[in-house]
Visitor: 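I'd like to ask some things about the structure below.
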Amino acid sequence: EERGTAWIDGEDRQVFKEMIELAWSRDDIKEIIAFDSERLSRNDSDTGKLKELIVRGQIDHVLTIQGEIFDDNNIEYFGVKSVFGFAYSHKISKNVRASVKDRIGNGIPPYSTLPPGYKWDPMADKGKKKPIKTNNWPLMRKVFELFMSGQYSVSSLWREVDNMGIRNNRSRIISKTRLYQLLRDPFYKGHFRVKGEEIKNDGDYLSMLTEGEFELVQQILGGKSKPK
């Protein structure tokens with residue numbers, strides 16, 4: 001499964017890179033089948049690699065499930081479609097970034113799913129949704145208090161979380177890795193983390209931790225402090 005995006009150079013698309021290398025190494029491969037030409041390539045570099053395979057006769061054509069066939073007779077059209085695909089993808093990406101910025105400016109977390117202890121207010125107007133406390137908010141607060149006591153490692157705390165019956169918002173058991181992430185999540189002190197940047201929230205949802213408590217948790221996680 002390809003996890004890289006089609007409008008970034010193939011060096012970051014491992015499956016695409018392997019496909020190109022395989023096509024050059026084997027003479028029995030004469031066609032590449034793709035779901036959509038615009039998803040196969042949305043950048044000049046990858047389009048050039050595909051065109052070269054066809055122009056040099058290494059493969060006969062690129063075939064899509066929509067029935068499009070790109071061969072030596074219409075290979076330039078493939079390049080045109082790639083350009084339109086890039087423009088469309090870039091426009092969507094730009095709109096998404098603008099939407100996230102607006103949400104942050106309105107104090108709305110740019111998350112699809114909130115961490116345990118919070119949920120989206122089902123009564124809020126569309127476009128003005130906000131986080132509210134769930135029934136397990138006090139339990140999650142207790143989890144932080146246990147960890148701040150200095151008597152628990154992440155592993156032993158994880159067992160307590162399981163015994164307390166705390167589940168994520170999909171009613172699933174919280175993994176040890178996820179618990180570690182939650183202990184480091186600034187959302188609990190009223191901040192958002194967006195692409196590694198921490199942003200203070202101006203909304204009105206109730207923070208679970210004070211700034212000092214959150215910093216203490218981080219120090220304990222880093223082995224730099226133990227509460228007295």
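Because the structure is a prediction, the values reported are computed rather than measured. Note that the numbering runs from 1 along the sequence shown for the chain.
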Visitor: Under the side-chain hydrogen bond (donor to acceptor under 3.5 Å, both in side chains) test, which residues partner Asn163, sequence neighbours left out?
Guide: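 So Asn163 forms no side-chain hydrogen bond (donor to acceptor under 3.5 Å, both in side chains) with any residue.
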
Visitor: Which residues pass the side-chain hydrogen bond (donor to acceptor under 3.5 Å, both in side chains) test with Glu160, not counting sequence neighbours?
Guide: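 Glu160: no side-chain hydrogen bond (donor to acceptor under 3.5 Å, both in side chains) contacts found.
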
Visitor: Does Arg184 have any side-chain hydrogen bond (donor to acceptor under 3.5 Å, both in side chains) partners at least two apart in sequence or in another chain, and if so, which?
Guide: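 side-chain hydrogen bond (donor to acceptor under 3.5 Å, both in side chains) list for Arg184, sorted by chain: empty.
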
Visitor: Testing His191, Gln218, Glu211 for side-chain contact (heavy atoms from CB on, under 4.5 Å) with Pro186, which one passes?
Guide: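 Testing each of His191, Gln218, Glu211 against Pro186, the sole residue satisfying side-chain contact (heavy atoms from CB on, under 4.5 Å) is His191.
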
Visitor: Between Asn136 and Leu139, is there a donor-acceptor pair closer than 3.5 Å when you use the side chain of the first and the backbone of the second?
Guide: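 Looks like no, no N/O pair under 3.5 Å.
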
Visitor: How long is the span from the CG atom in Leu209 to the CZ atom in Phe214, to the nearest 0.5 Å?
Guide: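 Nearest 0.5 Å value for the CG-CZ distance: 7.5 Å.
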
Visitor: Indicate yes or no: does Glu21 engage Lys49 in a salt bridge with an N to O separation below 4.0 Å.
Guide: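 A salt bridge is absent here (no side-chain N lies under 4.0 Å from a carboxylate O).
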
Visitor: Measure the spacing between OG1 of Thr113 and CH2 of Trp120 and express it to the nearest 0.5 Å.
Guide: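 It comes to 9.0 Å.
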
Visitor: If we count only N and O atoms by modelled type, under 3.5 Å, do the side chains of Glu215 and Gln219 hold a donor and an acceptor together?
Guide: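 No, Gln219 and Glu215 have no side-chain donor paired with an acceptor closer than 3.5 Å.
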
Visitor: Is any NZ, NE, NH1 or NH2 atom of the basic residue among Asp162 and Arg167 found under 4.0 Å from an Asp or Glu carboxylate oxygen of the other?
Guide: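 Arg167 and Asp162: salt-bridged.
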
Visitor: If two hydrophobic side chains count as joined below 4.5 Å and joins carry through other members, does Ile174 share a cluster with Leu221?
Guide: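 Yes; Leu221 is reachable from Ile174 via cluster members.
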
Visitor: Name all residues meeting the side chain to side chain contact (heavy atoms under 4.5 Å, CB included) criterion together with Asp72; count only those two or more places apart in sequence or in a different chain, and write none if there are none.
Guide: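 For Asp72 the side chain to side chain contact (heavy atoms under 4.5 Å, CB included) partners, ignoring immediate neighbours, are Ile54, Val55.
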
Visitor: Could you pull out all residues at least two apart from Lys51 that satisfy salt bridge (charged side-chain N to carboxylate O under 4.0 Å, His left out)?
Guide: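 Here the qualifying residues are Glu76.
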
Visitor: Tell me if a side-chain donor or acceptor on Asp60 pairs with a main-chain N or O of Gly57 at a distance below 3.5 Å.
Guide: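 No, because the side chain of Asp60 does not come within donor-acceptor range (under 3.5 Å) of the backbone of Gly57.
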
Visitor: Using the side chain to side chain contact (heavy atoms under 4.5 Å, CB included) criterion, which residues pair with Glu52? Sequence neighbours excluded.
Guide: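 Partners of Glu52 under the side chain to side chain contact (heavy atoms under 4.5 Å, CB included) test: Trp24, Arg56.
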
Visitor: Can you sort out the partners of Ser153 under side chain to side chain contact (heavy atoms under 4.5 Å, CB included), two or more places apart, ordered by chain and number?
Guide: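 Ser155, Ser156.
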
Visitor: Please tell me if the side chains of Met148 and Val217 come closer than 4.5 Å, counting only heavy atoms from C-beta onward.
Guide: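 Contact flag for Met148/Val217 side chains = yes.
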
Visitor: List in chain and number order the residues that pass side-chain hydrogen bond (donor to acceptor under 3.5 Å, both in side chains) with Arg159, two or more places apart in sequence or in another chain; answer none if no residue qualifies.
Guide: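 Arg159 satisfies side-chain hydrogen bond (donor to acceptor under 3.5 Å, both in side chains) with no residue once adjacent residues are dropped.
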
Visitor: Met19 and Ile32: side chain to side chain contact (heavy atoms under 4.5 Å, CB included), yes or no, with the steps?
Guide: CA-CA 9 Å; Met19 178 189 71; Ile32 291 177; 3.8 Å; yes

Visitor: Under 4.5 Å between any side-chain heavy atoms of Leu183 and Val154, yes or no?
Guide: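 In contact.
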
Visitor: Aromatic ring centroids of Phe144 and Tyr188 under 6.0 Å?
Guide: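 Between Phe144 and Tyr188, the centre distance is under 6.0 Å.
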
Visitor: Mind listing the closest non-hydrogen atom pair of Asp27 and Lys30 along with its distance?
Guide: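 Nearest heavy atoms, Asp27 then Lys30: O-CE, 3.1 Å.
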
Visitor: Only counting residues at least two apart or in another chain, list the ones meeting side chain to side chain contact (heavy atoms under 4.5 Å, CB included) with Thr177.
Guide: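 Ser175, Gln181.
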
Visitor: Run the side chain to side chain contact (heavy atoms under 4.5 Å, CB included) test on Leu50 and Ile20 for me, step by step, so that the C-alpha distance in whole Å, both residues' side-chain angles and the decisive distance to 0.1 Å come before the verdict.
Guide: CA-CA 8 Å; Leu50 290 164; Ile20 296 296; 3.9 Å; yes

Visitor: Do Arg26 and Gln58 touch side chain to side chain, with heavy atoms closer than 4.5 Å?
Guide: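 Contact flag for Arg26/Gln58 side chains = no.
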
Visitor: When Ile, Leu, Val, Met, Phe, Trp and Tyr are grouped by side-chain heavy atoms lying under 4.5 Å apart, directly or through other members, which residues fall in the same group as Ile65?
Guide: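 Taking Ile, Leu, Val, Met, Phe, Trp and Tyr as members, Ile65 shares its hydrophobic cluster with Phe35.
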
Visitor: Please examine the side chains of Trp158 and Lys176, heavy atoms only from C-beta on, and report whether any two atoms are closer than 4.5 Å.
Guide: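 In contact.
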
Visitor: Examine Phe70 and Leu63 and state if one hydrophobic cluster contains both, with Ile, Leu, Val, Met, Phe, Trp and Tyr joined whenever side-chain heavy atoms are less than 4.5 Å apart.
Guide: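 Shared cluster, no.
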
Visitor: Show your working on side chain to side chain contact (heavy atoms under 4.5 Å, CB included) between Thr64 and Ile33 and close with a plain yes or no.
Guide: CA-CA 6 Å; Thr64 72; Ile33 302 176; over 6 Å; no

Visitor: Please report the interatomic distance CG(Leu182) to CE(Met208), rounded to the nearest 0.5 Å.
Guide: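 So the gap between those two atoms works out to 9.5 Å.
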
Visitor: When you group the ILVMFWY residues by side-chain heavy-atom contacts below 4.5 Å and let the links chain together, are Tyr152 and Leu216 in the same group?
Guide: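 Per the 4.5 Å side-chain linkage, Leu216 and Tyr152 are co-clustered.
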
Visitor: To the nearest 0.5 angstrom, please state how far the CE atom of Met164 sits from the CG atom of Leu157.
Guide: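 The distance works out to 8.5 Å.
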
Visitor: Between OG1 of Thr134 and NZ of Lys119, what distance do you get to the nearest 0.5 Å?
Guide: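 Spacing of OG1 (Thr134) from NZ (Lys119) equals 7.5 Å.
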
Visitor: I'd like to check the salt bridge (charged side-chain N to carboxylate O under 4.0 Å, His left out) partners of Glu31; sequence neighbours left out, ordered by chain and number.
Guide: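 Glu31 satisfies salt bridge (charged side-chain N to carboxylate O under 4.0 Å, His left out) with no other residue.
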
Visitor: If you round to the nearest 0.5 Å, how far is CG of Leu179 from CD1 of Ile166?
Guide: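 Nearest 0.5 Å value for the CD1-CG distance: 9.0 Å.
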
Visitor: With Arg172, which residues qualify under salt bridge (charged side-chain N to carboxylate O under 4.0 Å, His left out), at least two apart?
Guide: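 Testing Arg172 for salt bridge (charged side-chain N to carboxylate O under 4.0 Å, His left out), a comparison that skips the adjacent residues, returns none.
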
Visitor: What do the steps show when you test Ile132 against Tyr118 for side chain to side chain contact (heavy atoms under 4.5 Å, CB included), and what is the final call?
Guide: CA-CA 5 Å; Ile132 59 174; Tyr118 296 92; over 6 Å; no

Visitor: Using a 4.5 Å cut-off on heavy atoms from C-beta on, say whether the side chain of Pro116 contacts that of Met140.
Guide: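 A side-chain contact exists here, since the closest heavy-atom pair is under 4.5 Å.
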
